[in-house]
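One structure is given below, encoded as structure tokens.
Note that the coordinates shown come from a computational prediction; the quantities given were computed from them, not determined experimentally.
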Amino acid sequence: MKRRSFLHLGAAGAFSLALPNIAMGKNSDTPVLILIELNGGNDSHNTVLDLNQLSLYKKLRPQLGLAGDERVQLDKNFALHRSLKGFVEPWQQGELALVHGLGYANANKSHFRSIEIWDMASASDQYLSAGWLANVLPKLSPSAIDAMVFGRNAVAFSGGNTQHIQLKNLKAFFNQSKRIKADNRRSDNSALSYLLGLKQNISDSKELMMQGLSRNIKLKTKFPKSIFGQQMADVAKVIRMDLQIPAFKVAIGSFDTHKGQKNVHRRLLQQVADGMLALRSELQTSGHWPNVLMMTYSEFGRRAAQNGSGGCDHGTAASHFLMGGRVKGGHYGDYPAFDDLQNRDVIYNVDFRSMYQSVVQQWWQQPGFELASGLESLDIIHRA
Amino acid sequence: MSNLDSYLSPSRKFRTLGRFSALISLTLAALLLMLAAKSWALSTEQSKHLLLRGGFGAQPELLQQISKLNKSQAVNYLLQQQHDSAAVPNCVKNKLLDKKARRKMSVDQRKVFSKSLRQCSREFRSWYLQQLINDGAVLANQMGLFWHNHFTSSLRKVKATQLMYGQHLSIEKNALGSFSQLLKAMVNDPAMLVYLDNVNNSKAKPNENLGRELLELFTLGEGNYNEADVLSAAKALTGLGLNSNYQSQVRSRLHDSSAKTIFSDTTIRSADDLVAALLAHPQTSLHITRAIWKHFISAVDEDQVVQLAAVFARDWDIKQLVRAVLNSEQFWHDSGKMIKSPVELVVGSVRTFKGLDIPPRRLMKMLKEMGQLLFDPPNVKGWPKGRDWLDANKFLVRANLMDQLARAISSNMAVMGAPYCTLEKMASLVAISMPGAEQGMQADNNMAGNCQQQLTQLVTDPIWQLK
């Protein structure tokens, strides 16, 4: 019942809000956030390097550490993994922000618990039931679907009134949803009611995508063939459909590199960079770029030191990226000090919820939004 | 005589009376027994509930078997079934090449070798699937899958089918046996040592993967230990690896035999000490009891879990624990409130519709698409559980597979046919009745031509995915 009336409101909203945009053809009002989950715990020490700590870094990671030809200089003080060399251009354009030392107090090193903490924006010992975007999105947009999740893990959007759809890719979704019909049965049985709800979301999404598809969008950029690359192509396509969907999520992994890390990590970071840069190029051409923001996250960083198996174990604080047409480029937070370890781990200095909160406050202009009392925000977005 | 008569008569009278009353009480007793038997025997609803949760679906012949039993008899019946195992594929028993021989291989030889490993993995998975479909010991197989999902290892990482088969045998042996023995076997299990990198865990270069997961997932549960405990556990496990014959062995050169403190006051040195410390920790029995409860019942009753865990910790008898869970009040009031796993959906469908002809390869593909490739959980936490099996994407996958199943039913109607074609039979196959569908069914009940259509409707409806 609630859901129906909600959708109804949505439809009314669509009439008043969306129409002028569609008439203009481009630049939907609703700013778009794309979450990129680096699943498994990305080794941030080998992703972003603090050149001022190079000698300590080499000592901690004699074999695992990146040599001169395995990295690319970003500015005077920092270098990136060579796979990310394509990030230098957006950095120079001021479209890339690096947030260092992201984490939370009493870091949990379980993959499952820690990603839940990041997805629900909770404290380490706080058990919440809804994702950090579970109740934010519906008020931002008139769309019947608030978020599209490509691949694993929709927890950030689950447990509230956000309507989301999870899919592998658009083509498979269209093929498979052909025969799904609207089903208005209700049930007191919560398991059955869950199944019927999924069925309903599929049928709503199908309708929405059919509308978008009628615009017959042809991508102008060549996206990489990797699964991640193709999912980023689909995200770009849906953004170009101007359906007013405020959030997307794509996941790539596994970054859980306990063993033989170097090759895997190089390949994964390359896929991340290629996918993100292709999306940027496509949406620059189409004119959507000023309205698009990409943000990476991961359950944790990794130990400062290498382990004995050519990899590294679960750690704590990490650097992450924000890239977008209206990002205030630069460094935020401090790169953790390698000579100040706690139980062999680097110490965080920016609560990851500060990054989230800043995005909701500044990107979606919800100044009253707060994830924890007294939590500071970063000034990280240019006003439209 | 008369004297005697008169003397005897009261007693004779009494005797007659006695006989009469004995007859009455016998009759009464018989009546009571009949009544009792009637009220104790399982209803169809209860039988199918037990089979949907404790087995793989309400297959008609099993339904028949347990229909005359009462609840605890039926639970015992399922607990007592012995495996009838088919021979495992030959490749699984081949001797594994030792490391030296593998190092000497040329590039081409290595390719052939990897290909043969993958081929053997396929045969092995297919064997297990057939086992789940044909074996009468349904509850033992449910528990086998439960433990594979608890003590996770994956063929993708372990690669050697031989080692996974070894793990499978250990699990099968103790699936309804002793948890303490199972835990010990798993900590020393070659496939596990490879899967969680303990083969690389040495005094000089500790790798804490196995130590951490042992605490987080296999025994205590998240939140019941600290980082110092993980480190001590990892150190106790150093040196526990494989010898050249792929058997587990402690290599003392690599083992850190120093005294380590765990759980703030217990001293451990070796892997055995660690297992003992884990079994002595009160959270272990709670964690395992809760997991088994959740496997069979949709909502956790924490008080009951605490009680059952206290009993479980005394002798670690898994069979006794499963029996208690299945005999609980909560279990019998939970029909249709859980979602079937892919294996339950596929194996259950094939077991329920005897004569359904779907090639094993297709069945394997279905499982893979739904996310439950046998012997290959997605990560160390195992396959999803409950509603986590489904998101919109997986719902679509399932919907398509159920369409395929419906087509297979349609084309096999001639073989399977009539046994399913009454309203009663159809209702006995699904967990709950289809909302709004009874009327249509009732009206068409006698029209044999519509049976096919109704079965199709049945398996493509979301309720087919409930248990």
Side-chain angles (χ1 to χ4, degrees), chain A residues 39-40 106-113 125 127 148-154 158 164-169 172-173 175-180 183 185-199 201-202 205 253-254 256 258-259 303 306-311 313-314 343-345, chain B residues 157 196-197 199-209 212-213 215-217 222-223 226-228 230-231 234 298-299 335-340 369 371 378-381 386-388 390-400 403 431-432 434-437 460-467:
Chain A
N39 172 229
N106 302 317
N108 191 302
K109 290 184 190 164
S110 151
H111 290 287
F112 317 106
R113 175 59 189 151
D125 56 355
Y127 289 80
M148 290 179 80
V149 176
F150 290 82
R152 61 161 257 126
N153 184 18
S158 305
H164 65 270
I165 178 104
Q166 200 164 355
L167 65 165
K168 238 196 235 153
N169 57 59
F173 178 74
N175 278 337
Q176 297 183 323
S177 61
K178 257 183 236 155
R179 273 199 293 245
I180 302 288
D183 186 338
R185 284 179 297 171
R186 293 283 175 271
S187 171
D188 299 338
N189 176 323
S190 73
L192 181 57
S193 146
Y194 177 70
L195 293 175
L196 293 171
L198 287 174
K199 205 173 166 190
N201 265 3
I202 290 166
S205 302
S254 168
D256 193 20
H258 287 279
K259 195 181 151 189
R303 281 274 156 73
Q306 67 184 37
N307 67 14
S309 323
D313 297 325
H314 303 180
N343 294 326
R344 300 175 290 158
D345 275 315
Chain B
K157 175 151 181 180
L196 289 180
D197 300 321
V199 289
N200 298 313
N201 184 14
S202 65
K203 187 177 179 178
K205 298 170 175 178
N207 182 313
E208 56 189 43
N209 209 2
R212 178 180 300 282
E213 306 305 0
L215 269 55
E216 178 185 335
L217 299 170
E222 206 270 310
N226 58 37
E227 286 299 315
V230 172
L231 194 62
S298 68
S335 308
K337 292 185 183 163
M338 292 179 84
I339 292 174
K340 288 176 184 169
E369 284 176 30
N379 57 49
V380 62
K381 199 181 180 182
R387 61 179 61 176
D388 290 343
L390 281 149
D391 51 45
N393 178 42
K394 288 285 185 300
F395 183 92
L396 283 176
V397 171
R398 282 190 177 202
N400 278 295
D403 282 347
I432 57 171
M434 219 186 306
T460 53
D461 194 281
I463 61 162
W464 185 247
Q465 298 180 33
L466 300 178
K467 62 170 186 178

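Of the atoms belonging to A:Phe173, heavy atoms from both backbone and side chain fall under 4.5 Å from chain B. Looking at A:Ile180, only its side chain comes within 4.5 Å of chain B, counting heavy atoms on both sides. At a 4.5 Å heavy-atom cutoff, the contact between A:Asn108 and chain B is made by side-chain atoms alone. Looking at A:Asn343, there are no atoms closer than 4.5 Å to chain B (heavy atoms on both sides), in backbone or side chain.
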The test is side-chain contact (heavy atoms from CB on, under 4.5 Å); show your working for B:Phe395 and A:Asn201 and say whether it passes.
CA-CA 11 Å; B:Phe395 183 92; A:Asn201 265 3; over 6 Å; no
Test side-chain contact (heavy atoms from CB on, under 4.5 Å) applied to A:Leu195 and B:Leu466, step by step:
CA-CA 9 Å; A:Leu195 293 175; B:Leu466 300 178; 3.9 Å; yes
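Note that CG of A:Leu198 and CG of B:Leu390 are 6.5 Å apart. Values are rounded to the nearest 0.5 Å. Atom CZ of A:Arg185 and atom CG of B:Asp461 lie 4.0 Å apart (nearest 0.5 Å). Atom-to-atom distance recorded for B:Leu396:CG and A:Gln176:CD is 5.5 Å, nearest 0.5 angstrom.
Nearest heavy-atom pair across B:Ala392 and A:Ile165 is CB-CD1, 3.6 Å.
No other option in A:Asp183, A:Ile202, A:Leu167 has as many heavy-atom pairs under 4.5 Å with chain B as A:Ile202. Among the candidates A:Lys259, A:Arg179, A:Gln306, the residue making the largest number of heavy-atom pairs closer than 4.5 Å to chain B is A:Arg179. When the candidates A:Lys168, A:Arg113, A:His258, A:Lys109 are compared by the number of heavy-atom contacts under 4.5 Å with chain B, A:Lys109 comes out ahead.
Checked against ring pair (Phe, Tyr, Trp, His ring centres under 6.0 Å), A:His111 has the following partners two or more places apart in sequence or in another chain: A:Phe300, A:His314.
Atom CG of B:Asp388 is surrounded by more than 12 heavy atoms from other residues, nucleotides or ligands within 6.0 Å. Within 6.0 Å of NZ on B:Lys157 lie more than 12 heavy atoms contributed by other residues, nucleotides or ligands.
Using a 4.0 Å cut-off between charged nitrogen and carboxylate oxygen, B:Asp403 and A:Lys178 do not count as a salt-bridge pair. At a threshold of 4.0 Å, the pair B:Glu208-A:Arg303 counts as salt-bridged, since one of the basic side-chain nitrogens sits closer than that to a carboxylate oxygen.
A side-chain hydrogen bond (donor to acceptor under 3.5 Å, both in side chains) with A:Ser110 is found for exactly one of B:Glu213, B:Glu216, B:Arg212, namely B:Glu216.
Contact of the B:Asn393 side chain with the A:Phe150 side chain is not registered, since no non-hydrogen atoms from C-beta on lie closer than 4.5 Å.
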